[in-house]
Enquirer: 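Handing you this structure, nothing more for now.
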Amino acid sequence: MSEEQNKIKLRVYRTNYSNDYSPRFDEYDIAVKRWTTVLDALLDAKAYSDSSIAIRYSCRMASCGSCGMKINGKPRLACYTKISELNSHTIVCEPLANFPRIRDLVTDFSQFFAHHKKIEPYVHNENVPTEVSNNDDLVEFKQTPEEVDKYLQFSYCIKCGLCYSACPTVATDAKFPGPQALSQAYRYMADNRDDGEKKRFKIIDERHGIWRCHFAGSCSNVCPKGVDPALGIQLLKGHLMGVSKHDKKIARVRTKEE
Amino acid sequence: MTETLSYDILIVGSGLAGLRAAIAAASKHKDLKIAVLSKVQVMRSHSVSAEGGTAAVLYDNEGDNLESHIYDTIKGSDFLADQDVAERLVNSIPKEIIQLDRWGMPWSRRENGRIDQRKFGGYSFPRATYAQDKVGFYEMQTLYDTCLKFDNISFFNEWFCTSILHEGNNFQGFTCIEMKSGDFYNIVAPAGIICTGGAGRIFSFSTYAYSSTPDGLDMAFRAGIALKDMEFVQFHPTGILPSGILITEGARGEGGYLINSDGERFMKKYAGEKLELAPRDVVSRSMITEIQNGRGFKHITGVDCLKLDLTHLGEERIKEKLAGIREIGIKFSGVDVINEPIEVRPVCHYMMGGIHSNLNGATEFNGLWVAGEASCNSTHGANRLGANSTSECLVWGTITGELAASYAQKKKNSSINIDNQQYLLEEKRIYDGIFRGRGDVNPYEIKKTMTDTMDAKAYVYRNENDLAEGLRKIRSLKELSWKHVNDQAKEYNTNFINVMEIDSMLRVAEVVLMGALNRRESRGAHSRIDYPVRDDNNFLKHTLAYYDGDKGPRMGWHPVVFTRYAPVERKY
Amino acid sequence: MRRTSFKMTLLKLRESQIMKIHYLTGICAVFFVAIHILFRVVMPFGQSLEYQNVIANYHNIYYVVLLELILIFVSIHGFNGLRIILLELKQSDRWESIMTILVLAAMIGIIAYGTRTIIVGSGL
Amino acid sequence: MGLESEGDKSSDFNTYNAKAKMDNGREGLRGWLNPTRYGWERVSYWLQRLTGVGLLLYFIGHVYETSSLVNGIDAWNSMLELTQTTGGHIFLMLVIGASTFHTVNGIRLIFTESGLGLGKPGRPDYPYDATSLNYKQKSGIWVALLLAAIAMFYGGLVMFGDAS
Ligand SMILES: Cc1cc2nc3c(=O)[nH]c(=O)nc-3n(C[C@H](O)[C@H](O)[C@H](O)COP(=O)(O)OP(=O)(O)OC[C@H]3O[C@@H](n4cnc5c(N)ncnc54)[C@H](O)[C@@H]3O)c2cc1C
Ligand code: HEM
Ligand code: SF4
Ligand code: F3S
Ligand code: FES
């Protein structure tokens, strides 16, 4: 049985920022099938039409976060967007907005990663050593499935930057940590192994910090992994406001016998 | 002029092994400067795709024990594993699991708050420690986030390493290209760790990320280090069509069935006791046999396949424990596994072979270690058990990181003088030989032909004719004039990177085929229909391949280490 | 640049505290403005705006206090809103301190100007 | 190569300012001025700002307008006349609409931004629907729009009815 083939036009944003700024769109005719993704189409163009298309990709299964780009006006993952679901014969690919551009579809993530790093996204715990150094320490934290569910959703984040690209505050404010970093601050706060919220509150309760989010919701609208950063951010604000009560009990490690 | 940067430890690869090594080294000596180089950004490495679990003995009070994990690993390897290495793996991994927990890993839990484990193929106890079905992803996240604690770790994202700098047998550094600017650099350090992962993209139908090409292996190979056991390529039973994306073994661990077109759970014919949870080599062979006997399905692309049935697990169980594969099924195959079986076929998934290294992950060069899938310290022998690979990455990440840190600490004050000749030669190789090369054959077509050849000639069942023909084909491809780069820009030139990758793929594919030709027996994942039985008299040894210029590899053998277990017949 | 101590205390306010003020002034404004508008509705709209009626209102001490509170609360809320927008527009220490000062100055200016009207109008 | 400059090469340093040549790619004001792409919450964000700034401008104008009070009845009446035109009425209608929307939506936002009414985090099931973009929130926005429309209509009735 053979599958019907469709022809589409792939319009790709082209420029090299180190040489000349003048961007242009190149068009490629690509034959696609029902399951062809935008990434497949781009790689097809790269292999057989124009090998100079610069594009970042790796896993092709929506778990590495490399292939974020603006597809038909909205930030999406190229490997996660099937051409057939776009309902259009012209597919326009542009680099993610709000990231410095390097070349064609490739953008610079160093600032995005720096924001993530700044919120200290690792377990702080004053009572339990975070390094396991001797065999007596071979006991894990006790954490029930319900306690895992409190933060699990936020650890789905693949750092693809789509939310960062959609957020209207990020569009003008370079110092705003952005939805990704802020939702990670919530992820660690909701994790009952961590007691570092005082430190993290200090970091995000800043002039350009969490309050520069005005619940535009666009981050959650585009997130491909269901992280719902907007939720995490507002819940975090609730804690800063003193509205949400803080009932987290820091987990303890189990005893050898348990 | 080529710029030179210097560090104390260089780690190539920011996958599980690389990140674990970086943390181990950074926490051992706080004043060592550690550079992690990777051709992709952090958190983009292939390791994020690992799904099912990490094997470890956690519940000795419930009947599990280290001994059993060791024996399962060795039996799974078809007795080609170095037994001291397998022991090391099993003894060290429980600590790594706890360590990850302390760092914030979202392990799936039991009601009482302890870490849960699931069944996995080839084990006699449920010991795959899991976090939904995104184990590798969460592990990567936990490690990366923890790395950010250490000020002495610097990440070099999107730096492509091209070769090893060395003075005789002493490691000195790497040459690399910063992709963003296109500049060529030498980075030197007394100690280095290669963690460049697997090379499964030499096959077309593969679960690997596109970045999993053998340039790391090839780099060591060209420097004169042996590649070991490369003919052992694992085919995972359940890759979806047409993309080859993986459905984790955890799906069978949770109770999924494999069915043929008669609707029969055919695994009972091949592995009466373990059924679907036999090791991967056994299941994959059974599937191909079923297909060859006409009991397969046809996918709409025309490819033969079988089906994996999860419908009886129920919606709640699937959503809770296999959320990721449900998503993959819907998105990439159009099948919601809650409602219908999904089409699957054996798919290239893991390379047991890699850079020759010993119990400590040390290579033949002083100051150079190797960890993770890129290494072959012979934990997995002829067939890896599922969930043992992430374990290996964590364990040898730690071991090599600590060893490299001690070594670098000792050498901290001795200066490194690199031999200009070496990087000039490398510059010539990649810029004159590849970047400014000429030719009329499209390198991407070469890649396609090569990977299709590997799929056709070195799949689950192999034979002399196919392998020889495959080798001839690969060699003829090497002769063609495809080494040229159309894109002449300096910045972010993926075309250039791709051609360098293809160059390394051809060399390593050749090693795989040569190894497979030489091994005239069936052992683990390497299954020859012309030599269908294991031959312990002649082949209970590792294959080595050394670089020998353009002539192709020089092959050799290496003994297997035994401690306690004598080879017996494998039955499941 | 030398900082006045007033500005120092303002700078010491955590952003969450400023936002609390923002929300509080917003909520209070709802009530006060509601009353303010109700005054417009007790008689036909045009009539309520006639000079003598307005002046009469201004001679009611409760109404004067109300007006003054509206003035202060809405100014704080509104100008803080403006400050937020300006902060997000451009990031440099210079821009930020200039804008903070300008917005503060404008806020104080409006409050002072409005207060003058109220005082003179009420004939205090 | 000296040791000092080495750190700069690694990617976790902020190369953003150093590479001035690179286009920073930010959408800038266009980012928030265009509310059409991402659903109702984005519209709310956009309107809340526009109405906020609008109201501030009106408020400044209003304080100025009422200040004519101190200059006696003539000054007041000449000021008042400005608003007694059709244009003035339409302007006032806009102010009424803006303040109604800003107030109602503002009250919603105060709850939302304190983490109330958003639902709880939980295991996301594919296809992912963000819990924070739920119908409670959306209806809040719709109600604000609706009330603003009603208020404008009512205000219009009063003013135009009064003028005739
Ligand atoms: C789909 C899938 C599922 C899996 N599931 C499981 C599982 O459930 N359990 C399990 O135990 N194992 C599993 N595995 C296997 C396991 O994921 C891998 O073996 C393991 O992640 C390899 O990790 P690594 O750190 O060695 O390498 P990788 O994660 O592959 O990282 C390689 C790194 O090297 C870098 N690199 C490569 N070449 C260069 C170069 N020339 N210059 C610079 N950098 C370079 C890459 O950029 C990358 O950062 C799975 C594998 C696949 C494909
Ligand atoms: C009457 C009741 C009012 C309420 C409940 C209210 C509430 C709010 C809220 C919740 C915000 C959003 C803050 C954020 O998202 O961070 C806001 C912003 C704002 N408000 Fe009000 N407000 C009111 C009246 C006013 C008035 C009368 C003015 C004009 C003087 C005004 C001017 C502004 C401005 C300029 C903003 C900034 C917009 C932004 O930050 O996006 N508000 N208001
Ligand atoms: S929160 Fe979602 S959109 Fe944002 S980086 Fe993470 S996965 Fe991507
Ligand atoms: S889009 Fe931006 S404004 Fe807030 S809700 Fe998301 S971070
Ligand atoms: S390629 Fe990994 S997310 Fe698309």
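A, B, ... follow the sequence lines: proteins, then strands. Residue 1 opens every chain.
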Enquirer: Which atoms of Gln132(B) come close to chain D, meaning under 4.5 Å heavy atom to heavy atom: side chain ones, backbone ones, both, or neither?
Expert: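 Side chain of Gln132(B) only, per the 4.5 Å heavy-atom cut-off to chain D.
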
Enquirer: So does Phe150(B) have more than 12 non-hydrogen atoms from other groups sitting under 6.0 Å from CZ?
Expert: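 Buried by this count: over 12 neighbours within 6.0 Å.
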
Enquirer: Does a sphere of radius 6.0 Å around CZ in Arg30(D) hold more than 12 heavy atoms from other residues, nucleotides or ligands, not counting ones at 6.0 Å or beyond?
Expert: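 At most 12 heavy atoms, drawn from other residues, nucleotides or ligands, come within 6.0 Å of this atom.
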
Enquirer: Give a yes or no on whether Lys411(B) atom NZ has more than 12 heavy-atom contacts from other residues, nucleotides or ligands under 6.0 Å away.
Expert: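 No - once you tally the heavy atoms of other residues, nucleotides and ligands closer than 6.0 Å, there are 12 at most.
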
Enquirer: Distance from Asp125(D) atom CG to Ile318(B) atom CD1, nearest 0.5 Å?
Expert: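 Between Asp125(D) CG and Ile318(B) CD1, I get 11.5 Å after rounding to 0.5 Å.
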
Enquirer: Test Tyr126(D) against Lys331(B) for side chain to side chain contact (heavy atoms under 4.5 Å, CB included), laying out the working first.
Expert: CA-CA 10 Å; Tyr126(D) 185 84; Lys331(B) 196 76 189 185; 3.2 Å; yes

